[in-house]
Amino acid sequence: MNDHDSTQHLEFPDNILFSQLVGPGDANIAQIENRFGVSIAVRGNHISINGSDSDVDYARNTLQYLYAQLTKGKEVDALSLEDAIRIVSSSVSFHQNEANIPNGKISIATKRKIIFPRSVNQGEYLSAMQNKDMIFGIGPAGTGKTYLAVAVGVSMLIAGKIDKIILTRPAVEAGEKLGFLPGDMREKIDPYLRPLYDAMHDMLPADQVERRLTNGEIEVAPLAFMRGRTLSNAFVILDEAQNTTPVQMKMFLTRLGHNARMVITGDLSQIDLPIGIESGLKQAVRILKNIPDISFIVFDEHDVVRHPIVSKIVVAYDKEMKTQ
């Protein structure tokens with residue numbers, strides 16, 4: 001059944017906040033019109049939205065959400081506007097999920113910034129990492145899976161809740177192939193772990209990152225280095241988990257020790273394992289999905305927080321993979 005055209009009217013009481021809502025030259029209004037295909041008229045503090053029923057609802061929710069942010073002292077800029085559009089259009093249960101929307105109820109404090117979730121699924125992900133000991137974050141690149149996990153780990157380390165952060169990735173090349181490269185092991189594996197370092201430097205001053213790496217409070221190592229260990233009093237992140245084998249994944253998951261938290265992130269659409277070898281992440285999801293103590297958060301293109309075109313690229317590739 002097709003939507004009918006309708007018009008909805010909104011009125012906002014605060015003149016100053018309203019001017020920030022519409023933006024310079026009504027730029028924010030123009031962006032909302034463009035994204036939802038509606039027509040918006042601004043007269044004084046009154047807004048009329050015309051278009052199909054569902055599109056009008058999306059535009060109205062976006063404006064109301066942004067205005068609520070302004071009343072809490074937050075700014076509306078191009079980034080927050082994109083976040084608002086993503087949030088209201090990514091879930092049919094928008095109102096049911098308001099507790100997990102970036103409205104100030106959930107945030108992570110690090111040395112360099114306070115980090116808020118930028119989508120409903122990001123809010124659920126942060127909540128899970130604060131309440132569960134094992135969390136799987138699964139979805140495409142750009143959804144903040146690793147970045148948010150590092151943020152939670154840093155906040156727990158700063159608060160003294162854990163003794164160390166362990167960041168790891170499967171890197172087969174860290175064995176024989178990298179043995180031919182010059183430098184020590186850290187120099188050899190750094191290129192494969194650089195995204196983890198980048199996220200860490202975004203949370204902590206560079207001198208603190210180096211100091212904590214030196215004294216062992218932060219450990220960045222390939223997955224093979226986890227074998228035989230019990231990881232206690234630590235926040236452990238396994239990144240690019242889609243490239244683990246089933247044996248590697250079982251080995252890693254069974255390292256969980258006392259007062260430890262594990263976050264496993266990966267993208268099942270980007271498995272680089274040889275043909276015929278099942279992804280350890282894919283198998284783990286199948287085997288462990290019914291264990292209530294383990295949280296699974298699945299991201300999609302609506303959670304991509306990079307340039308808006310990235311989410312369109314994700315959708316296009318997903319369609320191509322499905323046709324194959």
Side-chain angles (χ1 to χ4, degrees), residues 1-106 116-124 139-140 143 298-316 318-319 322:
M1 181 178 177
N2 294 326
D3 281 348
H4 297 290
D5 280 355
S6 64
T7 300
Q8 293 191 28
H9 304 277
L10 299 172
E11 192 163 350
F12 301 90
D14 189 298
N15 293 333
I16 295 176
L17 296 184
F18 182 76
S19 65
Q20 297 173 24
L21 175 66
V22 300
D26 293 354
N28 296 341
I29 297 298
Q31 188 168 345
I32 294 171
E33 284 182 314
N34 183 55
R35 291 299 294 272
F36 294 120
V38 296
S39 175
I40 301 177
V42 179
R43 295 182 183 85
N45 284 18
H46 184 88
I47 286 179
S48 299
I49 311 168
N50 181 261
S52 69
D53 289 341
S54 59
D55 291 334
V56 168
D57 285 342
Y58 284 138
R60 180 203 65 216
N61 287 341
T62 301
L63 288 165
Q64 290 177 330
Y65 173 77
L66 288 170
Y67 190 80
Q69 298 299 290
L70 287 166
T71 63
K72 297 168 185 171
K74 298 182 181 179
E75 296 182 359
V76 171
D77 53 21
L79 189 62
S80 60
L81 179 53
E82 279 298 325
D83 289 345
I85 290 171
R86 182 188 314 108
I87 289 162
V88 302
S89 60
S90 65
S91 174
V92 294
S93 54
F94 169 71
H95 292 292
Q96 297 173 10
N97 285 287
E98 285 185 305
N100 288 333
I101 289 171
N103 55 10
K105 293 183 180 179
I106 297 178
F116 295 92
R118 294 173 57 190
S119 73
V120 171
N121 283 332
Q122 282 195 359
E124 293 179 352
T143 51
V298 179
F299 298 91
D300 59 26
E301 69 273 10
H302 298 297
D303 300 297
V304 174
V305 293
R306 295 178 182 169
H307 192 286
I309 200 171
V310 175
S311 62
K312 297 177 182 178
I313 291 172
V314 170
V315 172
D318 283 347
K319 287 182 178 177
K322 288 174 182 175

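All residue numbers refer to positions in the sequence shown, counting from 1. Any value given below was found using the heavy atoms of this structure, including those in side chains, with hydrogens, waters and symmetry copies removed.
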Inset, instruction - Could you tell me the separation between the CD1 atom of Ile47 and the CD atom of Gln8, rounded to the nearest 0.5 Å? - result: 12.0 Å
Inset, instruction - Identify the heavy atoms of Phe36 and Thr62 that sit nearest to each other, and give their distance. - result: CE1-OG1, 3.4 Å
Inset, instruction - Report yes or no: do Asp53 and Ser6 form a side-chain donor-acceptor pair below 3.5 Å? - result: yes
Legend entry - N/O donor-acceptor pair under 3.5 Å between Asp303 side chain and Asp300 backbone: yes
Inset, instruction - Check whether the side chains of Ser80 and Asp77 place a donor and an acceptor atom closer than 3.5 Å, and report yes or no. - result: yes
Inset, instruction - Check for a donor-acceptor pair, side chain of Gln69 on one end and backbone N or O of Lys74 on the other, with a separation under 3.5 Å. - result: no
Inset, instruction - Give a yes or no answer on whether the side chain of Asn45 reaches the backbone of Phe12 with a donor-acceptor pair at less than 3.5 Å. - result: yes
Legend entry - Gap between atom CD1 of Ile40 and atom CZ of Arg60 - 0.5 Å precision: 12.5 Å
Legend entry - Check against side-chain contact (heavy atoms from CB on, under 4.5 Å), Leu81 and Ile32: CA-CA 9 Å; Leu81 179 53; Ile32 294 171; 4.0 Å; yes
Legend entry - For Val38 against Gly51, the heavy-atom pair lying closest together: CG1-CA, 4.5 Å
Legend entry - Separation between OG of Ser19 and CG of Leu70, rounded to the nearest 0.5 Å: 9.0 Å
Inset, instruction - Under the side-chain contact (heavy atoms from CB on, under 4.5 Å) rule, what do Leu63 and Leu21 come out as? Steps first, then yes or no, please. - result: CA-CA 8 Å; Leu63 288 165; Leu21 175 66; 4.2 Å; yes
Legend entry - From CA spacing to verdict: side-chain contact (heavy atoms from CB on, under 4.5 Å), Tyr67, Asp14: CA-CA 10 Å; Tyr67 190 80; Asp14 189 298; 3.2 Å; yes
Inset, instruction - Take Val42 and Phe18, measure what side-chain contact (heavy atoms from CB on, under 4.5 Å) needs, and give me the verdict at the end. - result: CA-CA 11 Å; Val42 179; Phe18 182 76; 3.8 Å; yes
Legend entry - Leu66 side, atom CG; Ile85 side, atom CD1 - distance, nearest 0.5 Å: 8.0 Å
Legend entry - Side-chain donor-acceptor contact under 3.5 Å, Asp5 with Asn50: no
Legend entry - Distance-only donor-acceptor check, side chains Gln20 and Asn28, under 3.5 Å: no
